[in-house]
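Predicted, not measured: the structure shown is a model, and the values here were computed from it.
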Amino acid sequence: MTTATIIDGKNFAARLRASIAGHTAQLKAAHGFTPGLAVVLVGDDPASQIYVRNKGLQAREVGMNSFEHRLPATTTQAELLARIADLNQDPAVNGILVQLPLPAQIDAQAVIEAIAVSKDVDGFHPLNAGLLAVGGTGMVPCTPLGCLMLLKDRLGNLAGQRAVVLGRSNIVGKPIAALLLRENCTVTLAHSRTRDLAEECRRADILVAAVGKAQMVKGDWIKPGATVIDVGINRIPTPDGKGRLVGDVEFDSAVQVAGAITPVPGGVGPMTIACLLLNTLTAACRQQGIPAPEVKPAAE
Ligand code: GUN
């Protein structure tokens with residue numbers, strides 16, 4: 001029996017960060033300029049706190065400036081919008097990320113739309129989403145960009161590949177579908193109302209699972225030899241009470257059928273922050289009128 005190649009996103013992300021660090025140092029040497037990333041966290045959600053801390057740590061690791069803004073859970077919409085207006089004006093801040101989810105009193109969409117389009121390193125602003133859809137040069141959401149990089153690294157040219165994306169969220173499913181279409185894949189965007197979901201998946205040369213349901217995609221949903229990208233991060237209970245992270249794909253059965261597959265953890269997850277740093281570098285260059293470098297991961 002053959003088993004799939006395991007796509008090592010942790011290693012790829014580390015090499016990408018090394019390359020970003022090199023470009024950041026070059027920017028400083030040639031232009032005396034250091035990119036800055038502002039991350040805004042409202043409230044004290046434990047998972048969000050970990051994400052925000054890691055974003056700050058990794059930004060500093062690649063030589064960027066990191067500005068962390070922690071606001072209380074009781075922050076009003078007006079207060080948050082005022083903070084964003086300040087960051088929009090601040091020339092030391094090239095990228096702004098407001099960690100989601102936001103507390104219930106805040107309209108997340110209004111907040112996303114308040115971020116300057118050129119500083120929207122999450123790529124969530126409707127103008128950036130629109131540019132992705134119509135083929136312009138905006139900011140591409142981090143997780144979808146990470147998935148695309150892993151796919152191109154594995155497969156090279158994606159033209160003509162049959163891609164099935166499971167899940168239609170604004171932050172993952174829809175932008176991944178748009179990116180794959182831009183790469184000339186034949187894209188199916190499947191979701192909870194799709195009829196014969198397993199059958200749709202079985203047609204995929206590239207299967208991207210982004211539904212947030214633990215181990216939903218089984219090995220017999222996968223075309224032999226397909227490339228499987230698992231975006232899910234779900235915690236399932238274990239007898240010791242600690243729980244375990246699993247993806248949206250049932251790894252043990254999928255690995256027997258797929259040609260290549262991303263594990264959870266260590267697949268797509270580490271790519272998200274690496275791509276956030278890449279977007280911050282790109283945004284900084286564009287704001288300075290410097291051509292943004294084409295960043296490739298450092299050699300193994
Ligand atoms: N919360 C979970 N993932 C993300 C992300 O990619 N960006 C932001 N802003 N919040 C998130």
Side-chain angles (χ1 to χ4, degrees), residues 4-17 19-20 51 121-124 128-129 131-133 138-191 200-201 204-213 216-217 221-223 226-234 245-249 251 254-255 258-279 282 295-297:
T5 300
I6 311 295
I7 298 173
D8 188 348
K10 194 172 166 194
N11 174 278
F12 192 98
R15 291 189 288 119
L16 190 58
R17 289 197 305 274
S19 179
I20 293 167
Y51 287 133
V121 284
D122 255 330
F124 293 169
N128 280 320
L131 286 169
L132 179 58
M139 282 287 139
V140 176
C142 308
T143 301
L145 184 57
C147 294
L148 182 68
M149 285 185 156
L150 293 178
L151 280 169
K152 286 173 99 168
D153 184 59
R154 161 88 191 157
L155 298 170
N157 188 351
L158 305 182
Q161 299 268 345
R162 213 181 279 272
V164 173
V165 178
L166 266 178
R168 56 177 156 178
S169 71
N170 287 339
I171 67 174
V172 185
K174 282 182 204 162
I176 288 183
L179 277 175
L180 292 172
L181 185 59
R182 213 161 76 169
E183 295 295 324
N184 299 310
C185 292
T186 302
V187 180
T188 300
L189 186 46
H191 47 78
E200 290 291 348
C201 292
D205 304 311
I206 293 170
L207 180 61
V208 181
V211 278
K213 290 208 185 319
M216 185 177 98
V217 176
W221 293 27
I222 294 168
K223 177 175 172 176
T227 303
V228 178
I229 303 290
D230 189 351
V231 183
I233 302 177
N234 312 286
L245 288 184
V246 298
D248 292 346
V249 178
F251 187 84
V255 78
I261 184 168
T262 59
V264 177
V268 173
M271 293 298 292
T272 297
I273 300 183
C275 288
L276 172 67
L277 303 176
L278 177 57
N279 279 351
T282 303
V295 180
K296 295 224 158 65

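- A distance of 11.5 Å separates SG in Cys185 from CD1 in Ile176, rounded to the nearest 0.5 Å.
- Across every non-hydrogen atom of Leu150 and Gly267, the tightest pair is CD1-O, 4.2 Å.
- Not counting sequence neighbours, the partners of Asp8 by the side-chain contact (heavy atoms from CB on, under 4.5 Å) test are Lys10, Asn11.
- Residues passing the side-chain contact (heavy atoms from CB on, under 4.5 Å) test with Thr186: none are found, sequence neighbours excluded.
- Asn170 CG to Phe124 CZ: the interatomic distance, rounded to the nearest 0.5 Å, is 9.0 Å.
- Partners of Arg15 under the salt bridge (Lys or Arg N to Asp or Glu O under 4.0 Å) rule, at least two apart in sequence or in another chain, are Glu300.
- The two residues Gly167 and Leu189 come nearest to each other via the heavy atoms O-CD1, 3.3 Å.
- Across all their heavy atoms, Ala204 and Ala226 have their closest contact at O-CB, 3.4 Å.
- Lys223 pairs by the salt bridge (Lys or Arg N to Asp or Glu O under 4.0 Å) definition with Asp205, not counting sequence neighbours.
- Legend: side chain to side chain donor-acceptor pair (under 3.5 Å) pairs involving residues 260-277, not counting sequence neighbours, sorted by first then second residue: Thr143-Thr272.
- Every residue two or more places apart in sequence or in another chain was checked for a side chain to side chain donor-acceptor pair (under 3.5 Å) with Thr227, and none qualifies.
- Going from atom CD1 of Ile20 over to atom CG of Leu278 covers 5.0 Å, rounded to the nearest 0.5 Å.
- Scored by the side-chain contact (heavy atoms from CB on, under 4.5 Å) test, Ala13 finds Arg17, Pro270, Met271, Ala274 as partners (sequence neighbours excluded).
- Considering all non-hydrogen atoms of both residues, Ala163 and Leu180 come closest at CB-CD1, 3.9 Å.
- Side chain of Asn279 to main chain of Val140: a donor-acceptor pair is present (N/O by atom type, distance under 3.5 Å, no hydrogens or angles).
- Here Lys296 pairs with Glu294 under the side chain to side chain donor-acceptor pair (under 3.5 Å) rule; sequence neighbours left out.
- The structure places OG1 of Thr282 at 10.5 Å from CG of Leu277, a figure rounded to the nearest 0.5 Å.
- Remark: Lys152 engages Glu183 in a salt bridge (Lys or Arg N to Asp or Glu O under 4.0 Å) (not counting sequence neighbours).
- Going from atom CD of Glu200 over to atom CG of Leu207 covers 11.0 Å, rounded to the nearest 0.5 Å.
- The side-chain heavy atoms of Ile261 and Asp230, taken from C-beta on, include no pair separated by under 4.5 Å.
- For Asp248, the side chain to side chain donor-acceptor pair (under 3.5 Å) partners are Asn234, not counting sequence neighbours.
- Counting heavy atoms from C-beta outward, Val228 and Val217 have side chains that stay 4.5 Å or more apart.
- Side-chain contact between Pro141 and Leu132 is present, with at least one heavy-atom pair separated by less than 4.5 Å.
- Every side-chain contact (heavy atoms from CB on, under 4.5 Å) that Ala190 has, sequence neighbours left out, goes to Val164, Leu166, Thr194, Leu197.
- Legend: salt bridge (Lys or Arg N to Asp or Glu O under 4.0 Å) pairs involving residues 159-175, not counting sequence neighbours: none detected.
- Although no hydrogens or angles enter the test, the distance criterion places no donor-acceptor pair under 3.5 Å between the side chain of Asn184 and the main chain of Ala159.
- Closest non-hydrogen pair, Val249 versus Ala254, comes out as CG1-CB, 3.5 Å.
- No side-chain heavy atom of Asp122 sits less than 4.5 Å from a side-chain heavy atom of Asn128.
- For the pair Leu158 and Leu151, the tightest heavy-atom approach, listed with the atom from each and the gap, is CD2-O, 4.0 Å.
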